[in-house]
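Worksheet: the structure to be examined is printed underneath.
Note that the structure is a prediction, hence the values are computed from the model and not measured. Residue numbers start from 1 in every chain, and the chains themselves are labelled A, B, ... in the order their sequence lines are given, proteins ahead of strands. Note: hydrogens, waters and symmetry copies are ignored here, and every other heavy atom, side chains too, is used.
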Amino acid sequence: MMEAYAHAPAHARRRTNQLGLWLFLASETFLFAAVITSRYYLLGVERPKELNLPLGLVLSLVLLLSSWTAYRAETFIATGHRRGFLRNTAFTIALGVVFLVGVGLEWSEGLRFFPPGTLYGSVFFTLIGLHAFHVVSGLVALGLVLGLGRSGRFGPDDYWGVEAVVKYWFFVELAWLFIYPTLYLVT
Amino acid sequence: MNPPAGSSPNTGMYAQASDRDRRLRVGLWVFAFLVALEFVEYAVGLTVEHNLILLMVLTIPGSWPLLRYNMRIDRLRKERAE
């Protein structure tokens, strides 16, 4: 089967790659949906007063900004602009790190006001922890893409590696679009 | 924007640059839309009680531009049709 894939024409390989990635993202969607649902099952729409809502908003904006730079990185490599691609990938990584620092702050507040032993704390740390793990894995993948890009890999005709990692990063953003209101805003 | 020397308006570097500009504009619009959505959701979270349905109504359709324009989910169908 691997041999058939290796000898398949480029467009067929690309189609297989796309389908595989989307199936992977679909399975991830079920994982996040299960954990998000558990919040409503366990807590209804209850929200602790101590939640730092402005910090949640800032985290959302940082992640949104990083998905914009990721989009720009993909666009630049798809249109043959290597410097733009490298610069925007580096920005995306930096913003991802800023997001993780914010998550660290959020956790330190969470540990004080609703530790993991409490009902809200267990949902909060599971959901944020699961998402942060995806951010870390996305950052590792982006780091690999940046390293390969610096060594001359990828170009307008061959950027599947970039596209796949950027799509994964968009998925991390998409998950946050649902996690943010679920944890911070619902009452 | 004038085409660079040696390329016709519809091919080569000029076409690539114009495609890039178009794509970057789309990305900027999606980004601006999502930022606005975050602020609206934040305001709803602060001011509206029993806001679950309202937030769902905002978030579910609001995430569509990300899926459609950034993740290009429609390509999956197009590539299968090719």
Side-chain angles (χ1 to χ4, degrees), chain A residues 11-12 14-19 21-23 25-26 40 44-45 47 51 53-54 56-61 63-81 84 88 156 163 166-171 173-187, chain B residues 12-73 75-82:
Chain A
H11 68 90
R14 189 185 152 71
R15 205 164 49 210
T16 308
N17 289 342
Q18 285 273 5
L19 189 61
L21 180 69
W22 277 103
L23 284 173
L25 296 180
Y40 295 105
V45 291
R47 178 178 87 184
L51 266 177
L53 297 187
L57 179 65
V58 170
L59 285 178
S60 302
L61 295 176
L63 203 58
L64 264 181
L65 196 57
S66 80
S67 69
W68 183 46
T69 54
Y71 175 90
R72 287 171 60 85
E74 187 193 348
T75 303
F76 278 123
I77 197 65
T79 52
H81 194 291
N88 279 282
E163 187 182 337
V166 167
K167 270 204 173 81
Y168 180 75
W169 195 254
F170 290 145
F171 175 78
E173 168 58 41
L174 188 66
W176 185 257
L177 281 182
F178 287 87
I179 291 170
Y180 170 59
T182 296
L183 286 180
Y184 286 91
L185 302 177
V186 162
T187 54
Chain B
M13 282 168 67
Y14 181 72
Q16 217 166 41
S18 120
D19 181 41
R20 182 191 311 144
D21 290 346
R22 185 188 56 77
R23 287 201 207 182
L24 290 176
R25 244 189 336 268
V26 170
L28 185 61
W29 277 111
V30 172
F31 171 67
F33 171 79
L34 291 173
V35 168
L37 179 74
E38 293 294 318
F39 277 105
V40 170
E41 285 186 349
Y42 184 72
V44 167
L46 283 183
T47 56
V48 181
E49 288 287 315
H50 310 297
N51 56 20
L52 175 64
I53 303 291
L54 182 53
L55 284 172
M56 276 171 68
V57 167
L58 285 169
T59 306
I60 295 172
S63 60
W64 177 245
L66 189 73
L67 270 167
R68 167 68 180 79
Y69 296 105
N70 287 16
M71 297 176 85
R72 293 194 294 275
I73 195 168
R75 261 199 197 174
L76 204 55
R77 189 165 42 86
K78 280 182 193 157
E79 284 186 7
R80 279 182 68 80
E82 273 169 18

**Residue Val48(B) versus chain A: region with a heavy atom under 4.5 Å** = backbone
**Prompt:** Which heavy atom in Leu185(A) sits nearest to a heavy atom in Glu41(B), and how many Å separate them?
**Reply:** CD1-O, 3.4 Å
**Prompt:** Taking the side chain as C-beta and beyond, is there a heavy-atom pair between Met71(B) and Leu25(A) under 4.5 Å?
**Reply:** yes
**Item:** Leading residue by heavy atom contact count with chain A [cutoff under 4.5 Å; candidates Val44(B), Leu37(B), Leu28(B)]
**Value:** Leu28(B)
**Which portion of Pro54(A) sits near chain B, non-hydrogen atoms under 4.5 angstrom** = both
**Asked** Given the options Val35(B), Leu24(B), Leu67(B), which has more heavy-atom pairs under 4.5 Å with chain A than any of the others?
**Response** Leu24(B)
**Item:** Shortest non-hydrogen separation from Tyr42(B) to Leu53(A) and the atoms involved
**Value:** CE1-O, 3.6 Å
**Item:** Choice from His81(A), Arg47(A), Glu173(A) maximising heavy atom contacts with chain B below 4.5 Å
**Value:** His81(A)
**Asked** For the atom pair CZ (Arg75(B)) and CH2 (Trp22(A)), what is the distance rounded to the nearest 0.5 Å?
**Response** 11.0 Å
**Prompt:** So, do Trp68(A) and Leu34(B) sit near enough that their side-chain heavy atoms are less than 4.5 Å apart?
**Reply:** no
**Message:** Rounded to the nearest 0.5 Å, what separates atom CZ in Arg25(B) from atom OG1 in Thr75(A)?
**Reply:** 12.0 Å
**Prompt:** Do you know which of Leu52(B), Asp19(B), Asn70(B), Ile60(B) has the most heavy-atom pairs under 4.5 Å to chain A?
**Reply:** Asn70(B)
**Message:** Name the residue from Leu55(B), Leu46(B), Asn51(B) that meets the side-chain contact (heavy atoms from CB on, under 4.5 Å) definition with Thr187(A).
**Reply:** Asn51(B)
**Message:** What part of Leu54(B) gets within 4.5 angstrom of chain A, counting heavy atoms only: side chain, backbone, both, or neither?
**Reply:** neither
**Request:** Determine yes or no for a side-chain-to-main-chain donor-acceptor pair under 3.5 angstrom, with Tyr71(A) supplying the side chain and Arg23(B) the backbone.
**Result:** yes
**Message:** Given heavy-atom pairs under 4.5 angstrom as the criterion, report whether the side chain, backbone, both or neither of Tyr40(A) touches chain B.
**Reply:** side chain
**Asked** Who among Thr182(A), Leu61(A), Val45(A), Val166(A) has the most heavy-atom pairs with chain B under 4.5 Å?
**Response** Leu61(A)
**Fill in**
The interface call for Leu58(B) against chain A, heavy-atom contacts under 4.5 Å, is neither
**Asked** With side chains defined as the heavy atoms from C-beta onward, is the minimum distance between Leu65(A) and Phe31(B) less than 4.5 Å?
**Response** yes
**Prompt:** Is the side chain of Arg20(B) donor-acceptor paired with the backbone N or O of Thr79(A) at a distance under 3.5 Å, no angle test?
**Reply:** yes
